[in-house]
Amino acid sequence: IAIMTDVDVISVFFFQAEDGIRDFCLSRGLGDVYKRQVIDEELWPFEEESLDLVISNLHLHWINDLPKALVKMITSLVPDGALIGSLYGDDTLQELRIAFTLAESERNGGVSGHVSPFMNITNFGNLLTRCQFNLPTIWTERLNLKFDDAFHLMQYLQEIGENTALKHRRQNCLKSTIYGMASIYDTLFKDEKKENIIATFQLIHFIGWKYHESQAKPKKRGSAEFSLKDLHKEMGIYDPEGAKKSQIGEIVVSDDEADEVVKEKKDK
């Protein structure tokens with residue numbers, strides 16, 4: 001997490017970001033002015049309204065009490081300050097989760113967690129709003145990485161520090177279960193060429209702001225100058241096929257109505 005304060009001091013949580021922060025300072029004439037702090041987000045040490053920006057990259061899913069941590073972050077932001085970041089979504093490593101579930105159900109008669117829990121994009125958006133972040137924007141992307149086999153995938157997860165963080169799980173996993181999981185994975189989740197297995201990584205990117213009176217505000221209800229029905233008619237003029245598939249709220253526009261829109265245009 002990189003944090004920039006209003007006193008031209010930059011605090012760096014991850015050691016890997018240190019070189020980039022130094023370049024940032026030098027490029028803006030601040031000199032070599034920064035300091036590195038190793039902190040625990042659940043023991044947030046920064047004072048109220050002391051930070052302009054908080055950046056978190058693929059780390060929030062490790063926090064035990066995420067709502068509490070987000071409240072502390074927004075409290076430490078100045079008005080119009082921002083939290084920018086990313087975290088893994090709940091589709092991450094779904095293939096590995098399925099393979100372990102099938103293998104353990106067959107050999108152990110029960111299932112134990114082997115993949116860390118991840119955040120659902122809808123729940124995370126609701127959480128940002130509940131924690132008083134203003135104008136939240138969230139989007140997601142899916143990456144399908146290829147590996148030689150399940151053992152290669154688990155080695156990769158260990159190397160990047162993303163192996164399971166579950167405390168209450170089956171401590172000893174039978175060798176037959178591991179081999180069974182690898183076999184199931186290899187059978188169900190091959191790529192198109194049948195050469196490698198696929199592992200899904202869903203990334204959720206987000207930004208949320210602390211409220212400030214200068215920020216954009218929604219219009220009052222009923223103040224719209226254009227109707228969605230008029231927009232649909234325009235769609236029928238320029239894209240008749242698209243008009244047949246369009247919806248307004250929960251009302252599906254019928255083919256007859258769409259054809260009528262096209263006919264009106266031809267008559268004109």
Side-chain angles (χ1 to χ4, degrees), residues 1 13-14 38-44 54-74 83-133 136-147 150-174 177-178 180-182 184-185 188-189 197-208:
I1 298 176
F13 178 30
F14 283 133
V38 179
I39 63 174
D40 184 343
E41 294 93 331
E42 297 183 54
L43 302 175
W44 197 248
V54 177
I55 302 174
S56 175
N57 182 39
L58 298 178
H59 189 72
L60 292 181
H61 59 284
W62 285 99
I63 299 177
N64 292 312
D65 193 345
L66 185 55
K68 182 179 179 181
L70 290 175
V71 168
K72 290 183 177 181
M73 289 181 186
I74 193 172
L83 168 65
I84 303 175
S86 61
L87 71 161
Y88 289 115
D90 60 348
D91 285 344
T92 300
L93 299 176
Q94 58 183 350
E95 300 88 356
L96 183 62
R97 187 182 294 110
I98 292 172
F100 259 119
T101 299
L102 294 176
E104 282 197 320
S105 297
E106 179 184 356
R107 290 163 175 78
N108 303 98
V111 177
S112 175
H114 291 277
V115 178
S116 295
F118 298 109
M119 178 65 71
N120 176 273
I121 184 171
T122 302
N123 293 339
F124 185 70
N126 294 336
L127 181 59
L128 285 179
T129 302
R130 199 174 72 199
C131 294
Q132 304 301 313
F133 281 95
T137 302
I138 304 177
W139 66 101
T140 182
E141 64 175 324
R142 295 168 63 94
L143 303 177
N144 291 326
L145 305 186
K146 297 182 179 181
F147 298 89
F151 300 107
H152 182 202
L153 168 61
M154 290 189 289
Q155 181 183 1
Y156 171 76
L157 295 176
Q158 187 173 17
E159 289 174 351
I160 65 173
E162 288 295 345
N163 44 332
T164 181
L166 294 172
K167 181 178 180 180
H168 300 289
R169 66 181 188 275
R170 184 178 287 120
Q171 297 299 319
N172 297 317
C173 192
L174 298 177
T177 302
I178 296 293
M181 177 277 300
I184 292 172
Y185 203 129
L188 296 180
F189 303 111
I197 63 169
I198 294 177
T200 299
F201 288 81
Q202 180 191 19
L203 304 181
I204 299 175
H205 307 277
F206 64 91
I207 180 172

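We count residues from 1, following the sequence as given. Bear in mind the structure is a predicted one, so any value in this text is a computation, not a measurement.
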Check: [X] side chain, [Y] main-chain N or O, donor-acceptor pair, under 3.5 Å:
X      : Y      : answer
Glu41  : Ala69  : no
Lys68  : Glu42  : no
Thr200 : Leu93  : no
Tyr185 : Ile198 : yes

**OP:** Would you please say whether a donor-acceptor pair under 3.5 Å links the side chains of Glu162 and Ser116?
**Re:**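 No, no side-chain donor-acceptor contact under 3.5 Å.
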Report the distance from atom [atom1] of [X] to atom [atom2] of [Y], rounding to the nearest 0.5 Å.
X      : Y      : atom1 : atom2 : answer
Ile84  : Ile207 : CD1   : CD1   : 4.0 Å
Phe124 : Thr129 : CZ    : OG1   : 10.0 Å
Glu106 : Thr177 : CD    : OG1   : 9.0 Å
Thr101 : Gln94  : OG1   : CD    : 12.0 Å
Tyr88  : Leu143 : OH    : CG    : 9.0 Å
Thr92  : Met119 : OG1   : CE    : 12.5 Å

Original post:
Which of parallel (below 30°), tilted (30 to 60°) and perpendicular (above 60°) describes His205 and Trp139?
Top reply: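 Aromatic pair His205/Trp139 classed parallel.
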**OP:** Measure the acute angle between the ring planes of Phe147 and His152, then classify it against the limits of 30° and 60° as parallel, tilted or perpendicular.
**Re:**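 If you compare the ring of Phe147 with that of His152, the planes turn out perpendicular.
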**OP:** Going by the side chain to side chain contact (heavy atoms under 4.5 Å, CB included) test, name the single residue among Glu104, Met154, His114 that passes it with Met181.
**Re:**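 Only one of Glu104, Met154, His114 forms a side chain to side chain contact (heavy atoms under 4.5 Å, CB included) with Met181, namely Met154.
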Original post:
Which heavy atom of Val71 sits nearest a heavy atom of Ile74, and at what distance?
Top reply: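 What the structure gives for the nearest pair is O-CG2, 3.2 Å.
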Original post:
Of the non-hydrogen atoms in Gly161 and Trp62, which two are nearest, and what is the gap between them?
Top reply: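 So the minimum-distance heavy-atom pair works out to O-CZ2, 3.0 Å.
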**OP:** Taking the side chain as every heavy atom from C-beta outward, state whether Asn120 and Ile204 have any atom pair closer than 4.5 Å.
**Re:**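 Contact flag for Asn120/Ile204 side chains = no.
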